[in-house]
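First up is the structure itself, then whatever we jot down about it.
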Amino acid sequence: MPHTFVKHFYVEPNRCPLADPMTVRIALGADENLDQVRWRVQYVVDMASERSVIDLVETEPASVSKSESHVATIQTPAIDLSAFAQSSLLNLGLLMITLVGSDGVELLRVSAVTQVAKEGDTFVRTVLDPMS
């Protein structure tokens, strides 16, 4: 299995309405060429009694050269939170960005804790940088 590592991770916008679309930028390094890998982005609503995973987007397959720094820019749609009680959204959430190989094997996962607070009538997310 190749060794992969994150050089940089960034989400924007941050400190914004929870359901807003986002752009994820992730710089990846690898010790060997990666063929036909794809990124999967999910948001996890973490409630006391259960966890619900919302699939946001999966990129088209792409190749990554070991000799080059690969930067992925991933656009997500808005997060559909209509199935959740408002009280369950105030818990911590988790933004998961997973690199998946052509064989379906997970090569790398970045998990970013997402704090959710209510400001007026709006749920506001703050994605914490897992690299700091």
Side-chain angles (χ1 to χ4, degrees):
M1 178 179 272
H3 173 72
T4 55
F5 53 94
V6 175
K7 296 178 177 181
H8 178 76
F9 173 83
Y10 186 74
V11 174
E12 63 181 3
N14 206 359
R15 191 151 167 57
C16 63
L18 174 59
D20 278 6
M22 65 187 97
T23 300
V24 177
R25 287 188 182 83
I26 188 164
L28 171 74
D31 66 352
E32 60 185 77
N33 294 334
L34 304 174
D35 293 320
Q36 301 300 301
V37 294
R38 61 194 184 284
W39 292 98
R40 179 181 304 136
V41 181
Q42 300 168 304
Y43 183 75
V44 179
V45 177
D46 199 2
M47 299 167 282
S49 60
E50 68 177 280
R51 294 177 72 180
S52 292
V53 178
I54 302 169
D55 293 320
L56 297 177
V57 68
E58 188 166 305
T59 65
E60 292 295 320
S63 295
V64 174
S65 171
K66 71 176 181 179
S67 62
E68 298 175 10
S69 182
H70 173 75
V71 179
T73 300
I74 307 161
Q75 305 285 337
T76 73
I79 303 172
D80 181 5
L81 301 167
S82 61
F84 301 96
Q86 289 193 0
S87 59
S88 65
L89 298 176
L90 284 172
N91 294 322
L92 291 176
L94 190 66
L95 182 63
M96 293 190 311
I97 301 94
T98 307
L99 181 67
V100 180
S102 59
D103 56 1
V105 172
E106 181 179 307
L107 302 174
L108 174 80
R109 177 180 288 177
V110 176
S111 297
V113 172
T114 305
Q115 292 180 329
V116 180
K118 193 165 185 184
E119 295 181 7
D121 291 335
T122 304
F123 290 95
V124 175
R125 73 169 182 247
T126 302
V127 179
L128 303 180
D129 184 352
M131 306 297 289
S132 60

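All values reported here derive from a predicted model rather than from experimental measurement.
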Could you please spell out the steps behind the side chain to side chain contact (heavy atoms under 4.5 Å, CB included) verdict for Ile54 and Val45?
CA-CA 8 Å; Ile54 302 169; Val45 177; 4.0 Å; yes

Would you sort out whether Arg51 and Leu94 count as a side chain to side chain contact (heavy atoms under 4.5 Å, CB included), showing the intermediate values?
CA-CA 10 Å; Arg51 294 177 72 180; Leu94 190 66; 3.5 Å; yes

Check the pair Val24 / Phe9 against side chain to side chain contact (heavy atoms under 4.5 Å, CB included), numbers first and verdict last.
CA-CA 8 Å; Val24 177; Phe9 173 83; 4.0 Å; yes

Evaluate the criterion side chain to side chain contact (heavy atoms under 4.5 Å, CB included) for residue pair Ile26 and Leu99; output intermediate values, then yes/no.
CA-CA 11 Å; Ile26 188 164; Leu99 181 67; over 6 Å; no

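Heavy atoms only, all atoms of each residue included: His3 and Asp31 are closest at N-OD1, 2.9 Å. Contact detail for Asn14 and Val11: the closest heavy-atom pair is CB-O, 4.0 Å. Across Leu92 and Asp46, no two heavy atoms sit closer than the pair O-CB, 3.4 Å. Among all heavy-atom pairs drawn from Trp39 and Ala72, the shortest one is NE1-CB, 3.3 Å.
Taking CG of Asp103 as the start and CG of Asp35 as the end, the distance is 11.5 Å to the nearest 0.5 Å. The distance from the CD atom of Glu60 to the CD atom of Gln36 is 10.0 Å, given to the nearest 0.5 Å. The distance from atom CZ of Arg125 to atom CG of Leu95, rounded to the nearest 0.5 Å, is 8.0 Å.
The shortest side-chain heavy-atom distance between Asn33 and Ser63 does not fall under the 4.5 Å cut-off. Annotation: side chain of Ile74 is not in contact with side chain of Leu56 (no heavy-atom distance under 4.5 Å).
Judged by distance alone, with hydrogens and angles left aside, the side-chain atoms of Arg38 form no donor-acceptor pair with the main-chain N or O of Pro61 at under 3.5 Å. Judged by distance alone, with hydrogens and angles left aside, the side-chain atoms of Thr76 form a donor-acceptor pair with the main-chain N or O of Met22 at under 3.5 Å.
Linking Ile, Leu, Val, Met, Phe, Trp and Tyr whenever their side-chain heavy atoms come within less than 4.5 Å leaves Ile97 and Tyr10 in two separate clusters. Connection of Val127 to Leu81 is established within a shared hydrophobic cluster, with ILVMFWY side chains joined at heavy-atom distances below 4.5 Å, either directly or through further cluster members. Phe5 and Val71 sit in two unconnected hydrophobic clusters of ILVMFWY residues. Membership requires side-chain heavy atoms under 4.5 Å apart, directly or through other members. Linking Ile, Leu, Val, Met, Phe, Trp and Tyr residues whenever their side-chain heavy atoms come within less than 4.5 Å leaves Met96 and Leu107 in two separate clusters. Hydrophobic clustering (side-chain heavy atoms under 4.5 Å, transitive across Ile, Leu, Val, Met, Phe, Trp, Tyr) keeps Val44 apart from Leu18.
The residues Glu32 and Lys66 are annotated as not salt-bridged, no charged nitrogen and carboxylate oxygen being separated by less than 4.0 angstrom.
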Please tabulate, for side-chain N and O atoms in residues 108-124, each donor-acceptor pair with protein atoms closer than 3.5 Å (sequence neighbours left out).
from   : atom 1 : to     : atom 2 : distance (Å)
Arg109 : NE     : Thr98  : OG1    : 3.4
Arg109 : NH2    : Glu106 : OE1    : 2.9
Thr114 : OG1    : Ala112 : O      : 3.4
Glu119 : OE2    : Arg15  : NH1    : 2.8
Glu119 : OE2    : Arg15  : NH2    : 2.9

